[in-house]
Number of protein chains: 2
Amino acid sequence: MQLRNQVEWVLHCCAILAMLPEGARLSTRALAEFHGVPKEYLSKALQSLAQVGIVEGSLGPAGGYRLARPASAISFLDIVEAVEGGGRSFACTEIRCNAPCHPPGFRPEGPCQVARIMWRADDAWRRELAAQSLSALADQLGRELPADLQSRTAGWLKKRISS
Amino acid sequence: MQLRNQVEWVLHCCAILAMLPEGARLSTRALAEFHGVPKEYLSKALQSLAQVGIVEGSLGPAGGYRLARPASAISFLDIVEAVEGGGRSFACTEIRCNAPCHPPGFRPEGPCQVARIMWRADDAWRRELAAQSLSALADQLGRELPADLQSRTAGWLKKRISS
DNA sequence: GCCATAATACTCGGATAAGTTGTGTCCGAGTAGGCTAGG
DNA sequence: CCTAGCCTACTCGGACACAACTTATCCGAGTATTATGGC
């Protein structure tokens with residue numbers, strides 16, 4: 001059970017976007033260069049974010065992406081689910097109905113006991129991610145990153161910011 | 001992020017094994033027929049369980065699998081990790097080091113802030129699964145399953161039990 | 001100087017393809033219990 | 001009745017095949033900004 005690497009990419013991209021000045025945009029190319037990942041594939045991941053309204057793209061030169069809502073209103077879960085899809089990690093196929101000693105077409109009421117436990121763990125995972133906002137990540141990065149690195153990064157970004 | 005269907009299969013198999021009388025074995029074929037899944041592929045999953053000592057197989061006729069330790073000492077996490085592997089769901093490739101404004105070969109101290117949050121969610125998932133034992137599942141099944149279904153199942157199993 | 005047009009830089013979406021993983025099948029080797037035949 | 005050898009049923013492990021998914025790459029269409037050229 002592995003998450004795609006796109007998840008890592010967009011989380012870092014969102015972190016960058018969250019630290020940008022209000023309204024500033026960054027192009028897919030700039031984000032891809034900054035993280036050293038293929039531009040066109042990253043673009044697909046960012047499109048997924050745009051589709052669910054986490055991020056907002058604009059066309060033309062000086063176009064690019066910016067957060068569609070304040071970073072405090074975007075959770076890790078929002079981002080992960082945008083890329084990875086919202087389904088549960090455990091899919092119950094109701095194999096308990098296949099027992100040859102059961103009458104054919106038998107359907108027990110209530111969800112499978114095994115699935116219930118797996119889903120509860122899944123919910124715990126989701127709760128944890130839902131509790132983490134992008135702004136909290138940005139704050140933490142601002143606190144933990146060495147000052148010289150922050151200023152060098154800010155300088156590099158300033159050259160690539162559109163509008 | 002989907003778990004394999006093998007996970008569902010072995011969880012149900014373990015539930016059956018946990019409800020068997022002390023020392024009784026059940027062959028892969030019986031388990032596969034009971035759940036309506038391909039015998040040979042299920043066999044691979046059971047081998048994974050045997051490798052980590054959750055289950056114990058024996059050769060020859062009247063051979064088959066039984067739990068290698070009491071059901072109360074087997075957690076859902078044990079079973080899931082046996083099949084799915086113990087790695088984390090989020091793999092951090094340290095793309096924060098790729099920024100072109102950083103000195104080449106730059107390695108920050110401490111784990112990536114993004115990864116820390118993802119790993120915390122992962123830990124919550126693991127904790128939840130580790131807290132659920134096989135015996136708890138067996139108890140719940142004994143309580144919730146209609147009595148007639150239980151006796152029909154018990155009768156079917158009795159014919160297939162070895163030794 | 002002003003407007004129309006062209007060039008540019010970006011997003012969007014589809015097509016394609018290689019690599020990896022999940023899913024399933026097949027078969028031979030090894031092992032242990034049961035059955036049969038010969039003493 | 002006893003024992004040796006065969007048969008059967010099972011696990012184990014490897015090899016193989018197919019499908020789905022991941023991870024890209026490429027290209028054309030659409031759009032908005034900028035640059036250019038004619039008036």
Side-chain angles (χ1 to χ4, degrees), chain A residues 1-10 13 17 24-33 35-66 68 80 83-85 87 89-91 93 95 159-163, chain B residues 1-10 13 17 24-33 35-66 68 80 83-85 87 89-91 93 95 159-163:
Chain A
M1 192 189 56
Q2 278 288 96
L3 292 167
R4 323 184 179 178
N5 54 9
Q6 282 191 339
V7 170
E8 187 187 11
W9 299 356
V10 295
C13 285
L17 293 180
R25 298 176 179 279
L26 218 49
S27 71
T28 305
R29 163 171 301 162
L31 287 168
E33 284 176 10
H35 293 117
V37 300
K39 168 179 109 62
E40 327 229 12
Y41 191 37
L42 174 64
S43 167
K44 297 234 174 298
L46 293 173
Q47 282 173 39
S48 305
L49 292 191
Q51 271 186 343
V52 299
I54 292 173
V55 111
E56 179 188 80
S58 74
L59 300 183
Y65 285 103
R66 71 179 170 203
V80 171
V83 170
E84 196 69 30
S89 68
F90 180 83
T93 62
I95 59 173
K159 288 185 303 186
R160 305 307 224 85
I161 283 179
S162 338
S163 92
Chain B
M1 193 189 53
Q2 279 287 101
L3 292 167
R4 321 182 181 182
N5 54 8
Q6 281 191 339
V7 171
E8 186 186 12
W9 299 357
V10 295
C13 286
L17 293 179
R25 297 177 179 279
L26 218 48
S27 70
T28 304
R29 163 170 302 161
L31 287 168
E33 284 176 9
H35 293 117
V37 301
K39 169 179 108 58
E40 328 230 11
Y41 191 37
L42 173 64
S43 168
K44 298 228 174 300
L46 292 173
Q47 281 173 39
S48 305
L49 292 191
Q51 272 185 343
V52 299
I54 292 173
V55 112
E56 179 187 82
S58 75
L59 300 181
Y65 285 104
R66 71 178 170 203
V80 171
V83 171
E84 197 69 31
S89 67
F90 180 82
T93 61
I95 59 173
K159 288 185 304 186
R160 306 305 226 84
I161 282 179
S162 337
S163 91

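Just so it is clear: chains get the letters A, B, ... in the order the sequence lines come, proteins before strands, and each one is counted from 1.
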Q: Take the protein atom CD of B:Q2 and the nucleotide atom P of C:dT20, then report the distance between them rounded to whole Å.
A: 22 Å
Which nucleotide wins on minimum distance to the side chain of [X], given the candidates [options]?
{"X": "B:R4", "options": "C:dG22, D:dT11, D:dC26", "value": "C:dG22"}
{"X": "B:Y41", "options": "D:dT11, C:dA9, C:dT23", "value": "C:dT23"}
{"X": "A:P61", "options": "C:dT11, C:dT25, C:dT8", "value": "C:dT8"}

**Q.** Under 3.5 Å donor-acceptor pair, B:K44 side-chain atoms to C:dG22 base atoms
**A.**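 Between C:dG22 and B:K44, which were checked side chain against base, a qualifying N/O pair under 3.5 Å is absent.
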**Q.** Donor-acceptor pair, side chain of A:R25 and main chain of A:E56, under 3.5 angstrom
**A.**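 At least one qualifying donor-acceptor pair exists.
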Q: May I ask you to evaluate whether B:N5 reaches the phosphate of C:dT23, defined as a side-chain N or O under 4.0 Å from OP1 or OP2?
A: yes
Q. Think B:R29 has a side-chain N or O under 4.0 angstrom from the OP1 or OP2 of D:dA9?
A. no
(Q) Tell me the closest heavy-atom pair linking B:R160 and B:L26, and the distance in Å. (A)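 Of all heavy-atom pairs spanning B:R160 and B:L26, the closest is O-CD1, 3.5 Å.
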Q.
Just to be sure I understand the rule, does A:S58 reach a base, reach only the sugar-phosphate, or reach nothing, if contact means heavy atoms closer than 4.0 Å?
A. sugar-phosphate
**Q.** Sugar-phosphate, base or nothing in reach of A:T28, heavy atoms under 4.0 Å
**A.** sugar-phosphate
Q: Return the 5'-most residue of the pair A:G60, A:L3 with respect to DNA chain D, ranking by each residue's nearest nucleotide.
A: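 Its nucleotide being nearer the 5' end, the pick is A:L3.
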